[in-house]
**Student:** 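Input: one structure, supplied below.
All heavy atoms count here, side chains included; hydrogens, waters and symmetry mates do not. Here the structure is a predicted model, which is why all the values come from computation and not from measurement. Each chain gets a letter, A, B and so on, in the order the sequences are listed, and its residues count up from 1.
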Amino acid sequence: MNARNRILGKLRTSLAGTVPRPDDFDQTLVTEPWRYAPAERVSRLRQLMEAVHTEFHQTRSADWVALLAELLGARAVPDLLVSPQTEHGRLVHAYWQTRNDLPRLHAYDRPIEEWKDELFSHTAASLTGTLGAIASTGSLVVWPDRHEPRLMSLVPPLHVALVRASQIHDNLYEVMQAQRWAANMPTNALLISGPSKTADIEQILAYGAHGPKDLIVLLLEDA
Amino acid sequence: MNAQIPLNDVTDVSAGFKPRARAALADPRLRSNFRTAMDSLMTKRAAAFSDADERERLRELGNHIRARALSQLPDLLERLEANLTRNGVKVHWAETVSEANTIVLEIIQTHEARQVIKGKSMVSEEMEMNHFLGGQGIECLESDMGEYIVQLDNEKPSHIIMPAIHKNAAQVASLFEEKLGVEYTRDVDELIQIGRRTLRQKFFEADIGVSGVNFAVAETGTLLLVENEGNGRMSTSVPPVHIAVTGIEKVVENLRDTVPLLSLLTRSALGQPITTYVNMISGPRKADELDGPQEVHLVLLDNGRSQAFNDPELRQTLNCIRCGACMNHCPVYTRIGGHAYGEVYPGPIGKIITPHMVGLAKVPDHPSASSLCGACGEVCPVKIPIPDLLRRLREENVKRADPQHPVMRGEGSKYSARERLMWSGWKLMNTQPLLYRAFSFAATRLRGLRPASLGPWTEHHSAPTPAPRSLHDLAREHLEHPR
């Protein structure tokens, strides 16, 4: 406690006789330059995400599961991590029942300590939902939870994310306001803007640094 | 003249700033590595801020947010601590790097941990955490690709955002071949995959994850981290314990304050609209969650920051959001690179923050290693008047130290009674007309006596030869006898 009190004491002495600066936060500066018409929202999101090597598919509620199966098949992905508890997870499970040529499904249903090796060494892909996306920066909003924990969108080399077109926001400020982040912060909130990358050697861009090497976005245009 | 000075290894921090700078200037590969990288970073930043009006208004807002946070810093730190504690994060305070290291070591020992994996953190560089923990038999491994490369070669980062920018792919290829026993390859994709494989295993094994913090939000008790690689998320989500280390100035008041700062940070640093990951951590794993650390700690480090804070002008140093734009645009940094500075923070920001951390006397040449061209101040996303602060530090450096009212540790380190006397003489001569005329008469009439060598001046310039008569003299004659 001593270090704490000494530091705070020094800072308070330095501020003696002063008043805090006014809060002149001007939200127009972070909103107005970053507003889009509904159609433009999708094209901007797609353009920015593709610019950083995201594979982007525009699909519909009735078609996306079949598209997912086709994409995973084309890549010869052996298994998919997907929660059976979410709405999209149930759709995947139902569709998988009708076919026997699809990747094995497994669930993140135990604490990480119980299957860390399997997650790190034997999980090729994952599917998660999102809380939406941000057009201005080309970002997905992901709040990991019990059904889709933090490592689900990080450790498997391929991450597939589902986005509803109606949940694309113009900019970060508006997402924070619309979803009332300040009052509801989860233990971990993420913005994901492409597959993992680095430019640490000679500024040459390389994908697949420590997180997913590939990110596929399935955009549901009618949802 | 220069050639006679023995060239020191540019990474040898035991030599002074000047010998290191000379060594760097004489190293064409180093200069080419930096020139190429800095040119590219400047171009990318310019493209990311294509609308100058938007850029300037955002910089102004960024400045106001940081100034507002600093104007109530102790209150915000208490609020941050209260909210983090409520969220289940343990908050620690350290005045010095040695206190901070002790705190980290105690947490590690409580868990009987042997392996630490570290996301990128400049504060942990201030602490020399790797070295300290290594001495305690604990492996502390860097996981940012650039930091990992630098650590493998027993070096320090040469840039705060691009730690290994002084190396080219061929140098990294040789390093990996030698240290990791892999086949030599200059293919950057392959090199990164080698790093990925090696470090994945380390993430898997690590007992403790260490990270820095980009913004600490008082309102919500949130630690916000930005990164492209995913190593920051790995370090803060895989190991059972996460220790974040940060400076006391990193706090902002509200969550919304991070929106413009985030945009300024990633666009200024890399020219990216956003980094691949923005990772907001507000607590350890909850009872019903399946991953994330069981424990989260935050170490708040002072290390000289409260000294800068004490002076309203120097306080602006603490606006910094560590984007590195000032070094990318600095003609001095671009030519000598990061190691020449010999300290954790290189470039313009390093020159104004380091004296508070280590004392002016240890870095007496830092404030003067600048042409005061003004580029750093012009690009700073939070409008730190870096050139003004450099001039101020020059004054603090040459004044006579005032033990009663010290401004900073090591002040007056370049004070010279002889120099003071010369300036007094100079002032007298320029304010006394008779003296001035006597001087210019002597300097012009006795110009033949000018010595051939005029100290440091004639190392790089030809010696000045006074005119036969002064301008004063000629003007007076002209007025008296107009032609």
**Student:** Quiz question: by atom type and distance under 3.5 Å, do the side chains of A:Asp200 and B:Tyr148 form a donor-acceptor pair?
**Tutor:** no
**Student:** Report yes or no: does B:Arg200 contribute a side-chain atom to a donor-acceptor pair with the main-chain N or O of A:Val155 at less than 3.5 Å?
**Tutor:** yes
**Student:** What pairs with A:Asp79 under salt bridge (Lys or Arg N to Asp or Glu O under 4.0 Å), at least two apart in sequence or on another chain?
**Tutor:** none
**Student:** Only pairs of heavy atoms separated by less than 4.5 Å count here; which of A:Arg146, A:Glu202, A:Lys197, A:Arg21 has the most with chain B?
**Tutor:** A:Lys197
**Student:** Pull out the residues in residues 50-57 of chain A that come under 4.5 Å of chain B, heavy atom to heavy atom, sorted by number.
**Tutor:** none
**Student:** With a 4.5 angstrom heavy-atom cut-off, is it the side chain or the backbone of B:Leu224 that approaches chain A, or both, or neither?
**Tutor:** neither
**Student:** Are B:Arg233 and A:Ser153 linked by a side-chain donor-acceptor pair shorter than 3.5 Å?
**Tutor:** yes
**Student:** Does any backbone or side-chain atom of A:Lys116 lie under 4.5 Å from a heavy atom of chain B? Answer side chain, backbone, both or neither.
**Tutor:** both
**Student:** Taking only heavy atoms into account, what residues of residues 126-134 of chain A are found under 4.5 Å from chain B?
**Tutor:** none
**Student:** Regarding A:Glu32 and B:Arg57, does a basic nitrogen lie under 4.0 Å from an acidic carboxylate oxygen?
**Tutor:** no
**Student:** Side chain from CB out, backbone as N, CA, C, O: work out which of these in A:Trp115 comes under 4.5 Å of a heavy atom of chain B, or both, or neither.
**Tutor:** neither
**Student:** Using a cut-off of under 4.5 Å for heavy-atom pairs, which of A:Asp23, A:Asn188, A:Leu215, A:Thr137 has the most such pairs with chain B?
**Tutor:** A:Asp23
**Student:** Sort A:Asn171 into side chain, backbone, both or neither according to what part of it lies under 4.5 angstrom from a heavy atom of chain B.
**Tutor:** neither
**Student:** Name the region of A:Pro195, side chain, backbone, both or neither, that has any atom closer than 4.5 Å to a heavy atom of chain B.
**Tutor:** backbone
**Student:** Quick one: what part of A:Tyr207 sits under 4.5 Å from any heavy atom of chain B, side chain, backbone, both or neither?
**Tutor:** backbone
**Student:** With a 4.5 angstrom heavy-atom cut-off, could you sort out which part of B:Gln193 is near chain A: side chain, backbone, both or neither?
**Tutor:** side chain
**Student:** Quick one: salt bridge (Lys or Arg N to Asp or Glu O under 4.0 Å) partners of A:Glu148, sequence neighbours excluded?
**Tutor:** none
**Student:** Select one option (side chain, backbone, both, neither) describing which atoms of A:Thr198 are under 4.5 Å from chain B's heavy atoms.
**Tutor:** both
